[in-house]
Engineer: 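Below are the structure tokens for one structure; questions will follow.
Chain identifiers are assigned alphabetically (A, B, ...) following the order of the sequence lines, protein sequences preceding nucleic acid strands; residue numbering begins at 1 within each chain. Note that the coordinates shown come from a computational prediction; the quantities given were computed from them, not determined experimentally.
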There are 2 protein chains.
Amino acid sequence: MLHEEVVGRIRDILLDGEIPPGARIPERELCERLEISRTPLREALKVLAAEGLVQLLPHRGSRAAKLTDKDMRDLFEVCQGLEALAGELACERITDREIAEIAAAHAAMVQHYREGDLIQYYRGNRTIHEGIVNAAGNPVLTGLYASVTARIRRARYVTPMTPQRWAFAVSEHEAILNALQRRDGAGLSHILRAHLRHKREEVLQAGFAEADGSEFTLKIA
Amino acid sequence: MLHEEVVGRIRDILLDGEIPPGARIPERELCERLEISRTPLREALKVLAAEGLVQLLPHRGSRAAKLTDKDMRDLFEVCQGLEALAGELACERITDREIAEIAAAHAAMVQHYREGDLIQYYRGNRTIHEGIVNAAGNPVLTGLYASVTARIRRARYVTPMTPQRWAFAVSEHEAILNALQRRDGAGLSHILRAHLRHKREEVLQAGFAEADGSEFTLKIA
DNA sequence: TTTTGTATTTTTGAATGCAAAATTTGGAAT
DNA sequence: ATTCCAAATTTTGCATTCAAAAATACAAAA
């Protein structure tokens, strides 16, 4: 198994919450599961620590990073900035073909909305945002965006989706597609910022306090 | 020596150009120099590869990453976006004390300009930009900014600094400080973007093509 | 001389081994 | 029963070792 694959596998395990935030990462166990020895595993953990998904405690092993409200706010803020930048650049560079692809993804997403399929809706949503970032044609940006959204991802699904919020999000997406089709960089950037700000407010309002995965929980009587 | 220290030491060696871009990274040698074995060294190299400073070639070791013009353009673009975001956030959050510190750094930098001390000028310049990013109060942003600027850094010093360019850069910095003191987020964001765009144009115009550090060079007659 | 095939050496990537540090366990004292 | 301390165990971090892959050296043939 290649190094990058090991990193990817462990990242997925963390993002799926299989090792919950704050929980210790069981080296021995992961080694057996991935059928590798400790050396490549530990290399991967250091990389993931640099990405912010893992927290290394000297002489005390590693834990799945636990995000505080502040962390989540910071991540959303940066994500907003990156998407706004991507929007501007995308409008300068996007091809008609790419616009058509995003429009198709948008139509599919709206269809999922109509059918009330939240999971598929989220998937389509992600495709659109990634499409815009890719259309910016900047691999550095793509990389940072991937890293930031990976850390956010878990939180995005904790917010209870109400009919009003959902309808509003879809309307924002209409505006996003519209700005993109007009290649209105400033406009798209503005809408994306607002869209992300709303999402952030929802997540934080829902009291995002990442579940503690430690083995014991203090209960104060 | 702690893991993070190893990463830092190697990062410095790369950023100083001691191992030139494109050159092979001599594992054995670095081990002796840092007085560590291959295991922690290789852990550090993987982290630096994730940062984009090192290129890993499966079964062929690692090289210091060589940046193309396109890479440099991409990095500047993202750096612009990050600084613009930092500027906006900083204006919302910066304290009077922090503004005073940046003003002092600005004054010192102008003094270095008057004295014609380019090295100290660059150092002061960096202090100011980092000060603004720090004032944004967003560690995620600070981290990404550090990673991006690290990769850019080498290129910033390759541009020949002409008197006109230098004077103009200083005037831009006057505007930056001014916007910050007025806490004019939109204005600061705009000026920072322009400032970075100018720097990027200089660097790319100067024909940034990173020197090849490989042992042999092809000369076509 | 140039090219091609083979043997040797070097280097890489990963498993194992080992000392130091931290955690847990068990028992004695309160 | 609870607290405290020392011994035992586990876990960590790094050095070493080992097999596989790549690079190199070298010799033979064209």
Engineer: Please give, in whole Å, the distance from D:dT12 P to A:L41 CG?
Structural biologist: 10 Å
Engineer: Where each residue is assigned the nucleotide of DNA chain C containing its nearest heavy atom, which of B:T39 and B:I25 is assigned the position nearer the 5′ end?
Structural biologist: B:I25
Engineer: Taking the basic N atoms (NZ, or NE/NH1/NH2) and the acidic carboxylate oxygens, is any pair closer than 4.0 Å for A:R11 and A:E51?
Structural biologist: yes
Engineer: If you measure from the Lys or Arg side-chain nitrogens to the Asp or Glu carboxylate oxygens, is any gap between A:E98 and A:R183 under 4.0 Å?
Structural biologist: no
Engineer: Once you round it to whole Å, what is the distance between C1' of C:dT11 and CG of B:L30?
Structural biologist: 15 Å
Engineer: Quick one: A:L34 CG to C:dA14 C1', roughly how many Å, whole number?
Structural biologist: 14 Å
Engineer: I want to confirm an ordering. Mapping B:R42 and A:R38 to their closest nucleotides on DNA chain C, which one lands closer to the 5' end?
Structural biologist: B:R42
Engineer: In whole Å, what is the span from the CE atom of B:M1 to the C1' atom of D:dA15?
Structural biologist: 14 Å
Engineer: Between P on D:dA21 and CG on A:L2, what's the gap in Å once rounded to a whole number?
Structural biologist: 13 Å
Engineer: Among C:dT12, C:dA15, D:dA15, find the nucleotide with the atom closest to the side chain of B:E27.
Structural biologist: C:dT12
Engineer: Write down the distance between CZ (A:R60) and P (D:dT12), rounded to a whole number of angstrom.
Structural biologist: 12 Å
Engineer: For a quick check of understanding: with a heavy-atom distance under 4.0 Å over all strands, which category does A:L56 fall into, base, sugar-phosphate or nothing?
Structural biologist: nothing
Engineer: Test for a donor-acceptor pair under 3.5 Å between the base of C:dA14 and the side chain of A:S37, counting only N and O atoms.
Structural biologist: no
Engineer: Taking the basic N atoms (NZ, or NE/NH1/NH2) and the acidic carboxylate oxygens, is any pair closer than 4.0 Å for B:E77 and A:R93?
Structural biologist: yes
Engineer: Specify the separation, in whole Å, of atom CD of A:E29 and atom C1' of D:dT10.
Structural biologist: 15 Å
Engineer: Closer than 4.0 Å, any side-chain N/O of B:R24 to the OP1 or OP2 of D:dA23?
Structural biologist: no
Engineer: Salt bridge check: are A:E4 and A:R9 linked by an N-O gap of less than 4.0 Å?
Structural biologist: no
Engineer: Nearest of D:dA15, C:dT12, D:dT12 to any side-chain atom of A:R28?
Structural biologist: D:dT12
Engineer: Any salt bridge linking A:E83 with A:R193? Criterion: basic side-chain nitrogen under 4.0 Å from a carboxylate oxygen.
Structural biologist: no
Engineer: Whole Å only: how far is the NZ atom of A:K46 from the C1' atom of D:dT12?
Structural biologist: 10 Å
